[in-house]
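Take a look at the structure set out below.
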Amino acid sequence: MDVLRALTENRLWRSVVRHGVRGTNRNRVMLVMENIFLHLHSAKVRRRSLEISSTYYLGGISLTLFAILTITGLMLMLYYHPSVPQAYDDMKELQFVVSNGVFLRNMHRWAAHAMVLAVFFHMLRVFYHKAYRPPREFNWVVGVVLLLLTLLLSYTGYLLPWDQLAFWGVSVGTNMVKAMPVLGPAFRFLLLGGNIVGENALLRFYVLHCVFLPLALVLGVAVHLWRVRKDGGIAGSSGLRRADAGKIP
Amino acid sequence: MSQFRLEKNNDARAVPRRIALIRREAPARLLEGREEVRMAAPHLLVREVILIQICVVVLAVASLLFDAPLEGIADPSNTPNPAKAPWYFLGLQELLHYFPPIVAGVLLPALAIIGVVVIPYFRINVEAVGFYERPWRRSLAILGAVTAPVSVLLVAYRVWAVLVPTLLIFSLLALPAVPRCPGAWRRRLSRVPLSDWIMTWFVAVASILTLIGIFFRGPGWTWTWPWRDGIF
Ligand code: HEM
């Protein structure tokens with residue numbers, strides 16, 4: 001305890017963290033309110049909303065998986081060139097040359113699949129709890145955008161290893177785009193940078209996957225979490241079967 | 001009755017039971033405000049840290065046990081048979097097998113997305129009242145009148161994978177209307193709101209199509225059994 005006090009009760013520490021470490025309620029509030037990241041929480045939360053069955057922590061799991069994907073993704077970028085055939089060779093390097101390269105790739109891959117599932121189940125949780133009801137209806141719409149961004153992120157990443165699985169998986173998908181009336185072929189051309197899935201497509205998917213879509217998702221998640229707070233904290237399952245259900249709003 | 005007085009007072013200790021008049025358009029949080037609360041630090045933060053740790057550990061173990069797939073280098077002249085999209089699009093690819101691309105690849109996904117977006121703006125969704133907890137005969141008739149032609153269409157296109165869950169879920173929905181329905185079932189089913197029935201139908205159809213696409217489709221998109229022919 002003395003070491004802790006020495007560490008935290010000096011000018012340097014106090015210039016960064018303005019409150020003490022003693023377990024007083026004032027410090028607990030300050031911990032949350034004075035920290036830009038923790039500040040997304042309110043200082044107090046309803047007891048009921050901490051229970052697992054309120055959220056099954058699915059939003060939190062989605063967010064955690066996204067963080068893991070960002071970290072492992074950045075590390076993968078150190079070994080990856082978005083060009084043909086270097087992209088595929090880089091996969092082989094990860095396998096045979098880079099220490100723990102396979103582990104890194106596995107983490108990124110499985111987290112990506114898990115995130116699609118987690119976001120989908122999060123949406124179902126919100127739906128069956130009727131947690132989208134006013135005033136949360138806009139946050140539901142933000143959520144739908146996040147779901148689409150998640151799918152697009154996963155899909156653009158799918159092409160990057162440039163193996164048979166990637167190439168044909170993306171070919172099948174982008175052929176569906178062609179079926180869109182009027183705009184279909186033009187949109188597909190724009191997406192692929194040509195009429196076939198080739199080097200240009202790889203570069204475009206790379207930029208979308210590593211820059212544009214993650215930025216969009218971060219922005220979207222920021223709005224989403226901000227709105228959770230502004231809409232009065234999570235509803236959890238409180239919208240279900242109350243005496244006054246059907247009378248609100 | 002002299003012990004009752006009408007008084008205007010905002011002190012909860014002096015007047016423990018009070019009547020609040022809330023305008024209809026007032027946000028719901030006004031009604032939730034007085035529940036029991038906990039400090040976010042440490043109660044919520046500890047749970048979040050544990051959650052992150054569990055996620056990292058589970059993923060690390062999975063990554064040690066299972067390797068991400070990597071096939072031969074992309075070869076545009078060598079089309080694998082079947083060529084499958086990533087798993088979350090296989091439901092769509094399965095639909096493409098039954099309907100023309102404009103329907104399966106554009107119309108139905110667009111409808112699904114629009115349908116999901118507008119959910120919170122529809123009355124039936126905002127009310128969490130069971131289908132049988134208010135006048136239901138007309139609604140049931142309308143639902144039947146929608147389900148019947150859809151089923152005929154599904155039979156015409158031989159889309160058993162959609163027809164079966166559609167009929168199953170409609171039967172469950174209609175069960176409480178049958179006089180011989182067992183009491184326990186009736187109590188349970190009649191409390192389910194219409195919005196939940198519709199979503200459950202959507203999720204059932206989407207999952208069945210996706211699972212078929214993943215496990216039961218082989219070369220030429222023919223039906224295969226995963227335990228006999230393997231997974232393609
Ligand atoms: C990248 C994807 C997403 C992330 C990271 C995310 C994150 C979160 C988090 C952390 C919460 C707090 C409570 C909870 O965990 O349930 C939340 C709540 C919520 N989310 Fe999401 N979400 C995502 C996608 C979605 C989607 C796809 C929808 C719906 C279409 C959605 C709708 C909502 C709504 C309405 C709430 C408020 C629920 C309540 O008050 O109980 N979110 N989200």
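Order of the sequence lines fixes the chain letters, A, B, ..., with proteins taken first and strands second; residue numbering starts at 1 for each chain.
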If you count heavy-atom pairs within less than 4.5 Å of chain A, which of [options] leads?
options	value
B:D67, B:V56, B:V106, B:I73	B:I73
B:P101, B:S195, B:A110	B:S195
B:P69, B:P80, B:A74, B:A83	B:A74
B:T200, B:L107, B:V58, B:V103	B:T200

Is [X] close to chain B through its backbone or its side chain, or both, or neither, when contacts mean heavy atoms under 4.5 Å?
X	answer
A:V141	side chain
A:W110	both
A:V29	both
A:S154	both
A:L124	side chain
A:H108	neither
A:L147	neither

May I ask you to decide if the ring planes of B:Y157 and B:F99 are parallel, tilted or perpendicular, using 30° and 60° as cut-offs?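 Tilted, since the angle between the ring planes falls between 30° and 60°.
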Region of [X] in contact with chain A, defined by heavy-atom distances below 4.5 Å:
X	result
B:Y121	side chain
B:P109	neither
B:A104	neither
B:P100	neither

Taking the six-membered ring for Trp, are B:F89 and A:Y155 closer than 6.0 Å centroid to centroid?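 They qualify: ring centres under 6.0 Å apart.
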Can you list everything that forms a side-chain hydrogen bond (donor to acceptor under 3.5 Å, both in side chains) with A:N35? Sequence neighbours excluded, please.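 Partners of A:N35 by the side-chain hydrogen bond (donor to acceptor under 3.5 Å, both in side chains) criterion come out as none, since no residue qualifies.
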For residues 37-55 of chain B, which side-chain donor-acceptor pairs fall under 3.5 Å, sequence neighbours excluded?
from	atom 1	to	atom 2	distance (Å)
B:R47	NH1	B:H43	O	2.9
B:E48	OE1	A:H41	NE2	3.1
B:E48	OE2	A:H41	NE2	2.7

